[in-house]
Amino acid sequence: MRKEYLLTPGPTPVPPAALEAMARPIIHHRTSAYQKIFQEVTELLKYVFKTKNDVLTFTSSGTGAMEAAVVNLMSSQDKALVVRGGKFGERFEEICRAYGVETENIDVKWGEAVNPNLIAEALDKDEGISAVFTTLCETSTGVVNDIEAIAGIVKRHKAVLVVDAISGLAGDELETDRWGVDVVVGASQKGLMIPPGLAFISISKKAWKKVEEASLPRYYFDFSRTKKSLEKFNNPFTPATSLMVALRQVLRLIRNQGIDDLLANNKKLARGVRAAVKSLGLELLAPGSPANTVTAVKVPEEIDGLALVKILREKYGITIAGGQGSLKGKIFRIAHLGYITDFDLIAGISGLEMVLGELGYRFKLGAGVVAAEEIFSETA
Ligand SMILES: *Cc1c(COP(=O)(O)O)cnc(C)c1O
């Protein structure tokens with residue numbers, strides 16, 4: 001028997017209250033009992049999104065809501081500005097391309113945040129751009145983008161701002177209304193701590209105008225139809241009822257803790273993990289703008305990065321994420337959001353040290369754990 005530790009930026013561990021809720025008998029979705037749950041969930045989602053805008057829920061993984069943003073906001077003759085600084089930024093471009101929407105891309109070196117001035121320049125140069133697509137936490141690189149600055153720029157143009165906050169929601173700071181973010185995309189299996197299967201999207205008044213004009217084909221992910229059902233706390237199609245009851249439990253936990261307290265805790269966990277890997281002599285992939293959601297660490301030249309992740313999982317039961325795309329084998333990523341706690345991370349860092357030792361990397365055993373403990377034990 002072995003205890004498993006899930007330290008990945010999605011899926012993340014699920015708190016017992018949510019697991020227990022999912023084990024209860026199935027309820028029917030065309031009932032007042034379900035409507036009550038959906039109402040509470042929607043109100044609490046707005047609290048987490050920090051918005052008064054509509055927040056729609058879809059039964060899909062996060063990518064479904066990314067696609068929903070494209071098909072509800074765009075027409076085939078529209079042009080999109082896409083920030084590509086990692087796997088998920090690239091996904092927006094792929095979706096646009098699949099629907100025949102022309103994109104202009106800002107290519108950012110993987111591991112760096114986008115310079116907001118580049119977005120300002122692109123928008124000034126081409127008033128035909130109708131939407132800007134970017135990412136809060138670029139999960140593939142551990143970068144957090146300056147959404148506040150980007151929103152301040154996009155606000156002055158006719159374009160709407162769409163932010164993929166699938167990992168960043170309840171992970172990194174996000175002020176949807178205060179910053180003026182038109183569309184925010186989230187999903188269930190990251191900071192919201194329940195299994196994969198639900199996606200969320202908030203839509204501003206400015207974005208709703210685009211929805212009315214947009215002509216790309218859509219059916220399942222139609223915003224207008226979904227909003228109409230939401231007015232009665234219904235869904236157009238069968239919702240994932242078991243996930244909804246789990247989500248209600250988690251959102252209550254978040255509400256009780258307070259979203260700002262939760263974000264401050266993530267920040268502390270992130271600082272601890274960064275200090276730990278640095279004290280092991282390892283380098284961060286994104287030292288300039290590291291996310292509080294996930295930390296990406298470069299694998300030393302002499303170490304096999306794929307073996308590191310594999311041994312940690314198979315021998316010690318600790319699952320972290322490797323690198324994606326061009327970073328495969330070159331980095332590993334440790335998540336610190338959702339139901340991942342300080343002591344889970346101490347276990348993760350300890351396991352990491354043991355595997356590094358086994359692979360012949362030279363360092364002072366325990367140095368990472370000590371560095372993390374120093375930060376985790378800080379009071380206020
Ligand atoms: C996980 C993730 C996605 C993909 O979400 P799925 O739920 O796998 O569809 C998209 N963007 C970011 C930033 C993510 O972290």
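Counting convention: from 1, in listed order, for ligands and their atoms alike. Quick caveat: nothing in here was measured; it's all calculated off a predicted structure. Excluded from the calculations below are hydrogen atoms, water molecules and symmetry mates; all remaining heavy atoms, backbone and side chain alike, are included.
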Begin from the C-alpha positions of Tyr361 and Phe363 and carry the test ring-ring contact (aromatic ring centres under 6.0 Å, His included) through to its verdict.
-> CA-CA 7 Å; Tyr361 180 69; Phe363 65 102; 5.7 Å; yes

Intermediate values then yes/no, side chain to side chain contact (heavy atoms under 4.5 Å, CB included), Ile106 and Ile119 | CA-CA 8 Å; Ile106 297 179; Ile119 293 173; 3.7 Å; yes

Residue portion contacting ligand 1 (non-hydrogen atoms closer than 4.0 Å) for Thr63 = both

Of all protein heavy atoms, the one nearest atom 10 (C) of ligand 1 is Phe88 CD2, 3.1 Å

So for Cys137 against ligand 1, with non-hydrogen atoms under 4.0 Å, the contacting part is backbone

Can you pull out the closest protein heavy atom to atom 8 (O) of ligand 1? Residue, atom name and distance to 0.1 Å, please.
-> Gln189 NE2, 4.0 Å

Closest non-hydrogen protein atom to atom 2 (C) of ligand 1, residue and atom name please, with distance?
-> Lys190 NZ, 2.5 Å

Would Arg225 count as a cation-pi partner of Tyr219, with NZ or CZ less than 6.0 Å from the six-membered ring centre and within 45° of the ring normal?
-> yes

Could you find the nearest protein heavy atom to atom 11 (N) of ligand 1 and give me its residue, atom name and distance?
-> Asp164 OD2, 2.6 Å

Output yes when the distance from some N or O of ligand 1 to some N or O of Thr135 is under 3.5 Å, and no in every other case.
-> no

If you measure from each heavy atom of Glu138 to ligand 1, is any distance below 4.0 Å?
-> no

of all protein heavy atoms, closest to atom 15 (O) of ligand 1 is Thr139 OG1, 2.4 Å

Minimum-distance protein heavy atom relative to atom 4 (C) of ligand 1 | Arg91 NH1, 3.5 Å

Criterion salt bridge (Lys or Arg N to Asp or Glu O under 4.0 Å) against Glu283, the qualifying member of Lys278, Arg274, Lys330, Lys298 = Lys298

Relative to Phe88, does Lys190 satisfy both conditions: NZ or CZ under 6.0 angstrom from the six-membered ring centre, and within 45 degrees of the ring's axis?
-> yes

Could you tell me which atoms of ligand 1, counted from 1 in the order shown, lie closer than 4.0 angstrom to a heavy atom of Ile166?
-> 1 (C), 2 (C), 3 (C), 5 (O), 10 (C), 11 (N), 12 (C), 14 (C)

Please state whether the rings of Tyr220 and Phe58 are parallel, tilted or perpendicular, taking 30° and 60° as the class boundaries.
-> tilted

Candidate pair Ile201 and Val184, rule side chain to side chain contact (heavy atoms under 4.5 Å, CB included), full reasoning = CA-CA 5 Å; Ile201 192 155; Val184 173; over 6 Å; no

Worked verdict on Leu19 versus Gln249 for side chain to side chain contact (heavy atoms under 4.5 Å, CB included) = CA-CA 9 Å; Leu19 292 173; Gln249 293 301 330; over 6 Å; no

Ligand 1 to Ser61, heavy atom cutoff 4.0 Å, flagged ligand atoms 6 (P), 7 (O), 9 (O)

